[in-house]
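Heads up, the thing below is written out as structure tokens.
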Number of protein chains: 2
Amino acid sequence: MIQDNTPALAPQRRERLRQMLREGGVARVDDLRKTLEVSVATIRRDLEILEEEGKVRRVHGGAVSMESRLEEPVFENKTNLAAREKQRIAEEAYSLIESDEAIYLNGGSTTLFLARLLRERTDLTVVTNSLQAAIELADSGPRVILIGGELRRISQTMVGPLTSAVLAQVHVDKAFMGTMGFCLKNGLTTTDPNEAYSNEIVAEQAGQVILLADSSKAEKVCFARFSDLEKVDLLVSDKNLSPEYTKELRKRGVKVRTV
Amino acid sequence: MIQDNTPALAPQRRERLRQMLREGGVARVDDLRKTLEVSVATIRRDLEILEEEGKVRRVHGGAVSMESRLEEPVFENKTNLAAREKQRIAEEAYSLIESDEAIYLNGGSTTLFLARLLRERTDLTVVTNSLQAAIELADSGPRVILIGGELRRISQTMVGPLTSAVLAQVHVDKAFMGTMGFCLKNGLTTTDPNEAYSNEIVAEQAGQVILLADSSKAEKVCFARFSDLEKVDLLVSDKNLSPEYTKELRKRGVKVRTV
DNA sequence: TTGAATTTGATCGTTTTTGAACGAAAAGCA
DNA sequence: TGCTTTTCGTTCAAAAACGATCAAATTCAA
């Protein structure tokens with residue numbers, strides 16, 4: 001049994017402070033005191049230091065973070081309707097990756113789950129247009145290549161004509177693509193034409209296209225189309241995908257795995 | 001049969017130290033002492049050696065690993081040197097920005113301060129290779145364009161040949177550039193050649209080049225050069241920049257503002 | 001084995017960090 | 001406004017950690 005009565009090192013504690021501030025945006029001295037189990041004097045001193053460093057701005061009663069946190073929409077809110085499925089799909093996708101491959105991840109929650117699984121894989125090269133995925137892998141793990149372009153706020157991805165400049169210069173073995181909808185008739189679609197544009201280029205160039213999409217995306221059609229179903233080599237989805245539909249997909253040359 | 005009560009050899013012990021540090025990210029002297037069964041003096045001496053080798057950073061009470069995949073102790077250090085100055089420099093830089101301009105921010109702590117000031121400016125377009133700056137502006141504010149490329153971990157910036165693909169397609173009115181060093185003789189330099197490469201392209205293309213650098217950067221020369229001083233239109237620095245040096249800079253056609 | 005060089009551990013004065021105390025300043029409330 | 005409560009900054013003392021020094025122990029080479 002590990003005793004936790006050894007106090008944290010000062011920089012460690014300040015790091016936690018920063019983190020707490022970032023998460024809530026603001027925090028009161030007294031709450032920080034209780035959480036970190038030190039005196040208010042220490043908290044004040046730490047905040048003073050962090051203020052010097054520009055990380056934090058002190059206010060009466062507490063402090064506010066100067067660093068903006070990028071909220072993670074996936075792991076909490078509405079998306080966790082299908083979080084289970086997405087996690088499993090991501091794990092299945094992970095098992096498809098071989099050593100030293102170059103892979104592409106587009107934006108979306110499912111691919112973000114996959115990104116999380118890649119944090120230890122230093123052998124890989126990950127190309128992505130997802131800011132979230134890049135952040136996930138920024139500190140460690142695979143070589144990360146971001147494609148440039150305009151940042152689309154709502155999805156936190158880089159999109160638009162500029163993205164093609166980088167995409168033209170790299171080749172990925174496997175492209176793991178999330179999508180807003182896939183459909184026998186209309187192929188792969190998403191809401192934003194710019195997003196679709198980037199996806200389209202990747203789908204054309206990648207060695208394999210692996211679609212990661214839970215069953216709720218089946219037969220859904222959105223505004224902007226970016227690929228035929230035929231371009232998809234493999235669909236990884238969940239068990240709720242009906243056998244008939246799976247059969248139909250296979251008829252089109254799309255391998256299907258449900259997990 | 002190897003006895004375990006024979007004390008480990010010094011290099012062997014230091015190796016274990018490194019490993020323990022790597023695992024936990026941090027460790028306190030006292031815990032290390034107990035685990036390795038040597039005196040605190042020995043631990044301190046070992047840590048001193050490892051610090052000189054750059055493997056470890058000592059802090060009061062223990063040490064933090066520099067080679068762990070945790071956090072950003074390096075980036076950390078840089079920021080806290082002159083946060084006050086950097087904040088002021090950033091504010092001065094902010095006042096130079098006009099409506100509806102397109103500006104460039106490279107990586108570095110000073111430009112990050114500037115990025116924070118731009119969070120409300122929806123009229124601007126910000127082009128950047130800094131992941132941190134992009135995160136700051138991801139939720140609101142200016143239009144953000146990231147240049148693509150390989151993510152350089154230590155600075156959290158996108159660098160390398162791929163960056164030029166996007167840079168070639170955009171034009172910015174003003175480029176706000178941080179640097180590791182500027183020097184009358186050697187111009188602008190930074191540590192990483194890839195970083196320098198991107199900076200160089202920007203410096204060539206931008207309408208104006210505005211250098212943001214506190215006085216500690218003066219006459220400092222790093223490995224990779226990316227621009228002549230003559231290309232710089234304006235230097236914003238702090239009051240510690242000597243008047244003689246300022247004069248010399250002006251002779252070279254560089255306007256100087258100290259705040 | 002002897003002697004020199006290196007490493008280790010203990011001691012001690014100094015520095016750093018921490019928490020508590022207390023008057024001053026700010027915020028809340030009537 | 002005037003009063004109370006909370007928070008702040010400063011000062012001070014105790015505790016912990018540090019660096020320097022020196023002696024003992026160990027290692028290495030001759």
Side-chain angles (χ1 to χ4, degrees), chain A residues 2-21 23-66, chain B residues 1-21 24-66 68 71 73 76-77 79-84 87:
Chain A
I2 294 165
Q3 287 275 23
D4 197 37
N5 54 12
T6 57
L9 261 35
Q12 210 176 350
R13 186 189 54 225
R14 283 191 274 272
E15 198 53 44
R16 272 193 76 191
L17 257 176
R18 261 181 76 186
Q19 194 185 327
M20 291 173 70
L21 263 300
E23 273 167 20
V26 299
R28 342 197 71 256
V29 171
D30 199 54
D31 298 337
L32 296 168
R33 193 203 97 240
K34 276 184 229 155
T35 312
L36 298 176
E37 295 174 327
V38 290
S39 71
V40 286
T42 303
I43 296 290
R44 291 214 176 84
R45 273 187 280 252
D46 283 347
L47 289 177
E48 201 172 353
I49 291 167
L50 291 174
E51 183 166 45
E52 277 301 314
E53 294 176 2
K55 311 266 170 63
V56 147
R57 203 180 82 240
R58 296 187 62 188
V59 294
H60 198 88
V64 315
S65 176
M66 297 288 283
Chain B
M1 176 68 193
I2 294 166
Q3 288 275 22
D4 197 39
N5 54 10
T6 59
L9 265 41
Q12 203 176 342
R13 185 189 53 227
R14 281 191 275 273
E15 199 49 46
R16 269 194 79 190
L17 254 176
R18 267 181 68 185
Q19 191 186 331
M20 291 174 70
L21 262 302
V26 301
R28 34 185 44 256
V29 172
D30 199 55
D31 296 339
L32 296 168
R33 192 203 97 239
K34 277 184 227 156
T35 312
L36 298 176
E37 295 174 326
V38 289
S39 71
V40 286
T42 304
I43 297 289
R44 278 195 240 283
R45 272 187 283 255
D46 284 347
L47 289 177
E48 200 171 358
I49 291 167
L50 290 174
E51 182 165 45
E52 271 168 32
E53 292 174 3
K55 312 269 171 61
V56 148
R57 194 176 107 236
R58 294 186 64 188
V59 296
H60 198 89
V64 319
S65 175
M66 296 292 280
S68 102
E71 290 309 309
E76 190 86 15
N77 264 358
T79 323
N80 67 17
L81 283 175
R84 265 284 112 75
Q87 177 69 33

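Throughout, a chain's letter reflects where its sequence line sits, starting with A, and its residues are numbered from 1.
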Gap between atoms [atom1] and [atom2], on [X] and [N] respectively (whole Å):
| X | N | atom1 | atom2 | result |
| --- | --- | --- | --- | --- |
| A:L32 | D:dC8 | CG | P | 11 Å |
| B:R33 | D:dA17 | CZ | P | 10 Å |
| A:I43 | C:dG19 | CD1 | C1' | 12 Å |
| A:R57 | D:dC8 | CZ | P | 14 Å |
| B:L36 | C:dT8 | CG | C1' | 14 Å |
| A:K34 | C:dG19 | NZ | P | 16 Å |
| B:E37 | C:dT8 | CD | C1' | 15 Å |
| B:I49 | C:dT6 | CD1 | C1' | 12 Å |

Atom pair [atom1] ([X]) and [atom2] ([Y]), whose distance is rounded to the nearest 0.5 Å:
| X | Y | atom1 | atom2 | value |
| --- | --- | --- | --- | --- |
| A:L17 | A:I43 | CG | CD1 | 5.0 Å |
| A:M66 | A:E53 | CE | CD | 13.0 Å |
| A:R33 | A:T42 | CZ | OG1 | 11.0 Å |

Just checking [X]: base, sugar-phosphate only, or nothing, at a heavy-atom cut-off of under 4.0 Å?
| X | answer |
| --- | --- |
| A:V40 | nothing |
| B:R58 | sugar-phosphate |
| A:V29 | sugar-phosphate |

Criterion side chain to side chain contact (heavy atoms under 4.5 Å, CB included) against A:V56, the qualifying member of A:V26, A:D46, A:V64, A:L47: A:L47

Between [options], which one does the side chain of [X] approach most closely?
| X | options | answer |
| --- | --- | --- |
| A:H60 | C:dA20, D:dG9, C:dA26 | C:dA26 |
| B:R28 | D:dG9, C:dA20, D:dA17 | D:dA17 |
| B:R13 | C:dT18, C:dG9, C:dT8 | C:dT8 |
| B:A41 | D:dA17, C:dG9, D:dT7 | C:dG9 |
| B:R45 | D:dC8, C:dT8, D:dA17 | C:dT8 |

Test: A:R18 and A:E15 ion pair at under 4.0 Å: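 Judged by the 4.0 Å cut-off on N to carboxylate O distance, A:R18 and A:E15 do form a salt bridge.
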
Heavy-atom side-chain contact between B:M20 and B:D31 under 4.5 Å: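 Contact flag for B:M20/B:D31 side chains = no.
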
4.5 Å side-chain heavy-atom contact, A:L21 and A:K55: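 No; the side chains remain at least 4.5 Å from each other.
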
Axial bend angle, the helix from C:dT1-D:dA30 to C:dA30-D:dT1: five-pair end segments, nearest 10°: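 Terminal axis comparison yields 40°.
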
A:S39 vs C:dA20: side-chain N/O to OP1/OP2 distance below 4.0 Å: no

